[in-house]
Amino acid sequence: PQKDLIFSVWPDPNRTLPANPNPDNLEQWSPYSSETTATLINLPDGEHVFWVTVKDKDLNSASISRKFIIDVKQPKAYIGRPERNQALSGFGKIEGTATDEDFHEYSIEIKYNKNGAVVYSRTFSKKVEKGELAIWDTRNQPDGEYTITLHVTSLKGIGAQRIFESIDNVTVIVDNTPPQIQLIRPVMNEQVCGEIQILGTAYDENFKEYVVEYSKGATPGEGDWKTISTKQTVVWENELLSWNTAGKSGEYSIRLRVW
């Protein structure tokens, strides 16, 4: 009967786990007792072995061991792009990491912050390491602020598995409305000389910068344009910049680009 048995376990739960545990080292075993349970604490992640030796009243003994793995690391969930408060338009690529040794799945959920509506939700079964997590078509979404949330889950254990989850999120701005852009002066075919003012409008809700360029001729190729100046200030029907035309003669083209 069990009441006639005594047990010793390795490693001894009442001692700090040795740096080099060795079941042949008798000092690392617990004293024999009738206790049928043992609690091991502060075990590091990795593979471990638990030994039990049992003796009966006639001092006959038997031993058994079990391997087990400690893994309490959370899965990795990281959104690298888009960055926080980045403006998106068209097809937005979501990049990052969703992985774990015991990876189960990850999901991407996107909410419109104005009313909390979920506008995108999809689950994926393959882990991703610094790569593409999803593609989001923003073309039919209203402009505004959205939150992208990444959920990564892993299943750990045997039989009744435990679910571990990690989350990362980022707030972005959907902006599919083109910038307001206008060149007011010089007008078409205007004759100019010396220092001239270039007037116009460069505006957007998520304005970044504008560039004014020039090229010789009426129909320049894409590679013919040269930058006059780049500015990071919104302009509305006012001076974009001054341009010194000294030394130039003939027909020139000017263009304005806004981001």
Are W259 and D204 close enough that some pair of their side-chain heavy atoms sits under 4.5 Å apart? no

Under a 3.5 Å distance rule, please check whether K216 uses its side chain to pair with a backbone N or O of S249 as donor and acceptor. yes

When you measure from the side chain of Y210 to the backbone of L240, do you find a donor-acceptor pair of N or O atoms at a distance under 3.5 Å? yes

Ignoring hydrogens and geometry, is there a side-chain-to-backbone donor-acceptor pair from T171 to R84 under 3.5 Å? no

Stepwise side chain to side chain contact (heavy atoms under 4.5 Å, CB included) check, L183 with I198: CA-CA 8 Å; L183 275 174; I198 299 177; 3.8 Å; yes

Exam field: side chain Q74 to backbone E165, donor-acceptor pair closer than 3.5 Å: yes

Heavy-atom closest pair, residues I135 and F91: CG2-CD2, 4.0 Å

Quick one: does Y78's side chain get under 4.5 Å of V152's, heavy atoms only? no

Would you check if R257 and W225 make a side-chain contact, meaning some heavy-atom pair closer than 4.5 Å? no

Between the CG atom in L155 and the CD1 atom in I163, the distance rounded to the nearest 0.5 Å is 5.5 Å

Please answer whether the main-chain N or O of E83 pairs with a side-chain N or O of Q86 as donor and acceptor at a distance below 3.5 Å. yes

Tracing side-chain links under 4.5 Å among I, L, V, M, F, W and Y, which residues wind up in one group with V187? none

Please check: side-chain N/O of S166 versus main-chain N/O of P75, any donor-acceptor pairing under 3.5 Å? yes

Is T123 reaching over with its side chain to a backbone N or O of S107, donor-acceptor style, under 3.5 angstrom? no

If you round to the nearest 0.5 Å, how far is CD of E109 from OH of Y120? 11.5 Å

With a 3.5 Å distance limit and no angle check, can you tell me whether N176 reaches the backbone of G90 through a side-chain donor-acceptor pair? yes

Evaluation steps, side chain to side chain contact (heavy atoms under 4.5 Å, CB included), between T201 and I181: CA-CA 5 Å; T201 293; I181 183 170; over 6 Å; no

Sidechain-backbone polar pair: S8 side chain, W29 backbone, donor-acceptor under 3.5 Å: no

Listed once per pair and sorted, the ring pair (Phe, Tyr, Trp, His ring centres under 6.0 Å) pairs that draw on residues 180-208, sequence neighbours left out: Y203-W236

Looking only at atom types and distance, does a side-chain atom of N238 sit under 3.5 Å from a main-chain N or O of V235, one as donor and one as acceptor? no

